[in-house]
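Notes for the one structure printed next.
Just so you know, ligand 1 is whichever comes first in the structure, and atom 1 is the first atom listed for that ligand.
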Amino acid sequence: MIPYGKQDISQQDIDAVVNVLKSDFLTQGPMVPAFEESITKYTGADYALAVNSATSALHVACLALEVGAGDVVWTSPITFVASANCALYCGAEIDFVDIDLSTFNMCPKLLETKLQKTKSEGKKLPKVVIPVHMCGQPCDMPQIRKLADEYGFKVIEDASHAIGGSCEGHKIGSCEYSDVTVFSFHPVKIITTAEGGVAVTNDKSVASKMALYRSHGITRDPSLMTKVSDGPWYYEQLCLGFNYRMTELQAALGLSQMQRVDDFVSVRHQLAVRYDELLDDLPIVTPYRDSRHYSAFHLYVIRLKLDFIKSTHLEIFCGLKEKGIGVNLHYIPVHMQPYYAGQGFSLGDYPVAEGYYQSAISLPLFPSMSLEDQSEVVAALELLLK
Ligand SMILES: *Cc1c(COP(=O)(O)O)cnc(C)c1O
């Protein structure tokens, strides 16, 4: 089976992890700050916080932006459930803005319309909006920033797919247009730490709050303490935090992987361009390109032109699987999940996302994918679509 995504681990990555195993620190040592520094250097953001997953990063980001009961957070329905769950963890409500069918990202026009409507009806505006750079394709961040300033919401970029990409020349993670940006390092993503994530920000106080929430709400920084120190052992718990720390092994792997982030993304682009060419005359829509941005190309998602195909979406998907092509579907719209039905959402709420779901297929794409593998994927698709 050719998988849809796969990590790329070098001997140098392995050595980096083994060296940590032989060192004094398996957690809370020098590797986490070194990894964080590699992320700030790369993205240009002032602060980076490594945590044990992007899910945790989204949670601490929401907490640091003071999302709580009575607040509303908006995100895209075409994302992994974690982009929405983080608001619910904080006791806030979640709502969605439908996608643009060409980019698969939250539609900035629908966002503006929904903001206008919410305001004119006197309803609660979102405290935070979480755009998701779906497939690594940057959202229209300048427009989202403009709306954030106009309507007074904060922005968390869910860039789980997008390290290595850039938006109008600004590296994703520079936080040029947002308060916090979150990356995921799950093995299928651009770089990996096995499990892991990072939250980056240019706001010192947000960074310091996220650091507290990452580690039980505890600080050893005298400038943050509210009482006089009892002695050298002294620390204070200032809020109710969690244990979301990344281990030294993970950070060492991440630091080593960061040396190849640009190579990973450029190979993804080469493969994507080749897919575009090879799939050109098939009844499908290939991924959107925007010359203003640089996608990280986490996923190569095609949409079937079902009016021109005899088979159904399900038949094509299963046909590919039978031929050993490990296709996937990113994503089932979040509002269609049974849990979200319990949150008051139902079928028909976000028709563009639902239409996308009925026609999308993620084709295999990963840095070590061979040209033969890719030709096999194309041949299988050709056979099924003819
Ligand atoms: C993978 C992913 C997450 C969650 O990342 P984890 O590191 O697995 O917690 C969140 N949002 C999106 C869009 C993702 O793809």
Where does [X] meet ligand 1, judged by heavy-atom distances below 4.0 Å: at the side chain, the backbone, both, or neither?
X	answer
F183	neither
K189	side chain
V132	side chain

Checklist line | Distance-only N or O hit between ligand 1 and F80, under 3.5 Å | finding: no
Item checked: Backbone or side-chain N or O of Y331 under 3.5 Å from ligand 1 N or O ->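 Such a contact does occur with ligand 1.
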Note to self: Can you tell me how the ring of F297 sits relative to the ring of H269, calling it parallel under 30°, perpendicular over 60° and tilted otherwise?
What the structure shows: perpendicular
Next item on the list: Check step by step if ring-ring contact (aromatic ring centres under 6.0 Å, His included) holds for Y213 and F242.
Entry: CA-CA 6 Å; Y213 284 117; F242 304 86; 7.1 Å; no
Next item on the list: Would you check, one step at a time, whether the test ring-ring contact (aromatic ring centres under 6.0 Å, His included) holds for Y151 with F153?
Entry: CA-CA 6 Å; Y151 289 89; F153 57 83; 7.2 Å; no
Notebook entry, point to check: Just how far is it from atom OG of S53 to atom NE2 of H59, taken to the nearest 0.5 Å?
Noted result: 10.5 Å
Next item on the list: Indicate, with yes or no, if I94 and L63 share a hydrophobic cluster defined by side-chain heavy-atom contacts under 4.5 Å among Ile, Leu, Val, Met, Phe, Trp and Tyr.
Entry: yes
Check: Are M106 and F96 joined in one hydrophobic group, where the rule is that I, L, V, M, F, W and Y side chains link up if heavy atoms are under 4.5 Å apart?
Finding: no
Protein heavy-atom partner closest to [atom] - residue, atom, separation in Å:
atom	value
atom 3 (C) of ligand 1	S160 OG, 3.6 Å
atom 11 (N) of ligand 1	D158 OD2, 2.8 Å
atom 15 (O) of ligand 1	H161 NE2, 2.7 Å
atom 4 (C) of ligand 1	T55 OG1, 3.7 Å

Margin query: Under 4.0 Å, counting heavy atoms only: does S56 come that close to any atom of ligand 1?
Written below: no
Check: Contact between H330 and ligand 1, counting heavy atoms under 4.0 Å?
Finding: no
Per-atom contacts, ligand 1 versus [X] - under 4.0 Å to a heavy atom:
X	result
G196	7 (O)
T79	13 (C)
S83	11 (N)

Margin query: Can a donor-acceptor pair be found, under 3.5 Å and without considering hydrogens, that links the side chain of R303 to the backbone of S102?
Written below: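 The answer is no, because no donor-acceptor pair under 3.5 Å joins these two groups.
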Notebook entry, point to check: Would a distance-only check, ignoring hydrogens and angles, find a side-chain to backbone donor-acceptor pair under 3.5 Å from S83 to F80?
Noted result: yes
Next item on the list: Indicate whether any N or O donor in one side chain lies under 3.5 Å from an N or O acceptor in the other, for D13 and S256.
Entry: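 Looking only at side-chain atoms, S256 and D13 do form a donor-acceptor pair, the distance falling under 3.5 Å.
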